[in-house]
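To keep things clear, I will list the structure first and then write my remarks on it.
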Amino acid sequence: MPSTRLATPAEEAAWLLRRAATRGRAFFGASNRALFVELVRTAFKVADHNSIAGALWSLLAPFAMLTALYLVFRDRFGEELKAYPLYLLLGISFVSYFATATRHLLAVLFIHRALLLNTTVPRETVILSQVAFHTYKLSIELVLCALLAVHYGTFSWSAMVAALPLLLAFIGLVTGVGLLGAVVHSFARDIEHIWSLVSHLLMFVTPVFYDLESLSAPARFVIYWLNPLTPFLVALRGLFIGPPVHPGVYAHAVVIGVTFLIAGYAAFLTAESAALERT
Amino acid sequence: MSTTCVRLEHVGKRFMVPRTQRTALRAVRSIVRGEPLRRELWVLEDVSFELQTGTRLALIGRNGCGKTTLLRLLSGILAPTVGVLEVPSAPRPLFSTTVGFSNELSVADNVYLFGAVHGMTRRTLGPRQDEIIARAGIEHLMHAPLKDLSVGQIQRLALSVFAETSGRFLIFDEVLGNVDRGFARTAAAFFRRLAESGRTIVMTSHDAGFLRAYCERAIWIERGRVHRDGPFDAVMQEYESSFGDDAAHDPGPLRNGWGHAPEEPEPAPAAAPARGHARAQHTAGCKPCS
């Protein structure tokens with residue numbers, strides 16, 4: 001066996017950056033774009049049985065949840081919070097998207113192991129096609145939120161433009177958390193069950209149906225600073241419903257999204273081979 | 001003038017195999033007790049050879065000897081643990097004829113999906129879709145979901161789509177396992193065309209006749225190492241005679257209860273060097289090595 005030496009941290013970091021840059025170039029190549037489109041198309045056709053009715057069924061869950069929460073909490077919070085149905089729908093859509101997409105990404109290496117070990121398909125393409133599929137559903141729900149904002153007279157185009165970077169950062173958060181989860185899942189399979197429990201709790205530890213102001217100071221601190229979803233939701237509600245939030249909240253959300261994306265991708269690049277070889 | 005298409009120098013591949021079933025609790029318990037979570041398994045060791053452009057190489061060896069791992073290294077799907085691996089032109093591998101399809105989609109849609117997985121676009125495949133499906137002999141099933149097809153029919157479809165690839169360096173891993181005699185003739189014509197086209201081909205198969213028809217050189221892999229490398233007929237003859245030697249000690253084909261000879265045991269883990277940097281150089285798009 002030839003002699004080997006340990007890499008220094010600087011060499012490891014440089015190697016990670018080079019790897020990410022090469023992967024990025026490959027990802028935007030023409031044949032890979034075609035593959036990405038085919039994978040997303042397949043996800044739609046399989047999930048929605050290639051029918052409009054199938055797509056409508058998948059939107060039923062958030063609306064059932066909206067109805068239930070509205071009927072239960074409208075007397076308690078509906079009076080104090082402006083445009084409460086819109087307030088609820090934004091919360092449900094964001095939390096559902098986060099929970100569903102991360103749960104799928106967690107098992108992505110396991111589910112697509114055969115594809116990733118038997119073809120030269122870039123791994124990022126498979127992962128991002130899954131993200132794109134779930135993001136499409138979120139987009140439809142956000143369009144409905146925008147229509148509700150028109151109904152309540154809180155809609156503005158400038159707010160919608162300002163919401164775009166926030167949404168991209170949120171997709172970054174979901175992808176980053178999903179990638180971290182996928183790596184951990186390869187080494188400890190039961191993380192799937194733990195994550196499933198966490199995602200169910202998210203509906204309650206995120207201000208979906210209540211307002212942060214209605215909580216005690218310690219609870220407010222925990223839910224705002226320890227739950228990465230809260231700043232996104234607070235900032236987005238400021239844009240859709242008003243009043244506009246402090247720019248610090250907006251910046252906080254974007255920083256969370258970017259940080260998780262970078263951390264998740266770095267972890268993925270470092271551990272992907274080991275994770276896949278024996279997933 | 002032929003150029004070097006593949007160069008391997010002392011390449012080794014180590015897998016880290018989990019010691020127990022992976023759960024978070026067991027992992028924490030092992031860490032607390034100071035027990036290692038994984039053990040090393042060297043699948044390939046000290047593999048060195050060069051391949052010139054246009055060469056048709058057969059990799060032969062028993063089950064579990066490391067052929068598929070070596071092909072995955074050449075394809076850029078896995079990265080070597082140690083050694084130097086240089087593959088200047090990105091290969092197009094076909095490892096499995098069932099991976100890259102979706103059971104729920106129709107045969108027609110699967111042509112595009114399988115094609116995209118192997119680097120082909122709708123623009124390339126669109127005008128040839130009917131011909132591809134006809135060549136697989138399943139034109140009457142064009143709009144049927146893939147799950148309605150037999151394994152052999154799926155394999156024919158896969159080979160028929162893959163035949164459209166324009167790659168100059170192709171890798172095949174046991175791709176003619178389930179096809180019937182009729183399609184085997186169609187596949188033979190495809191492989192003959194490939195052999196005459198000057199493309200670089202690396203293939204594995206347990207069918208010596210198939211390999212003999214298309215390969216001029218063979219490498220015999222034994223327990224993760226290159227045992228013999230040379231002209232196809234010489235290496236194959238030696239390989240086949242090795243079974244004759246084994247037969248004297250073989251307790252019989254039914255020992256494992258399935259009517260097959262028992263599988264080769266996994267190679268024992270060897271002493272491993274510290275974690276280091278293997279130098280693997282693939283073209284852009286290569287997954288682990290880039």
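A tilted orientation is assigned to the rings of A/His134 and A/His104, their planes being inclined by 30° to 60°.
Shown here is B/His118, whose NE2 atom has more than 12 heavy atoms of other residues, nucleotides or ligands within 6.0 Å.
With a 4.5 angstrom heavy-atom cutoff, B/Arg92 touches chain A only via side-chain atoms. For a residue to count as touching a neighbouring chain, one of its non-hydrogen atoms must lie under 4.5 Å from one of that chain's; by this rule A/Arg41 touches chain B with the side chain only.
No side-chain N or O of A/Tyr265 forms a donor-acceptor pair with one of A/Thr175 less than 3.5 Å apart.
Ring centroids of A/Phe170 and A/Phe94 are separated by less than 6.0 Å, placing the two rings close together.
The residue among B/Leu25, B/Leu105, B/Leu71 with the most heavy atom pairs within less than 4.5 Å of chain A is B/Leu105. For the options A/Leu39, A/Ile194, A/Thr42, heavy-atom pairs under 4.5 Å to chain B are most numerous at A/Thr42. Among B/Asn110, B/Thr121, B/Val99, the residue making the largest number of heavy-atom pairs under 4.5 Å with chain A is B/Val99.
Remark: side-chain polar atoms of A/Glu192 are not paired, donor with acceptor, to backbone N or O of A/His185 under 3.5 angstrom.
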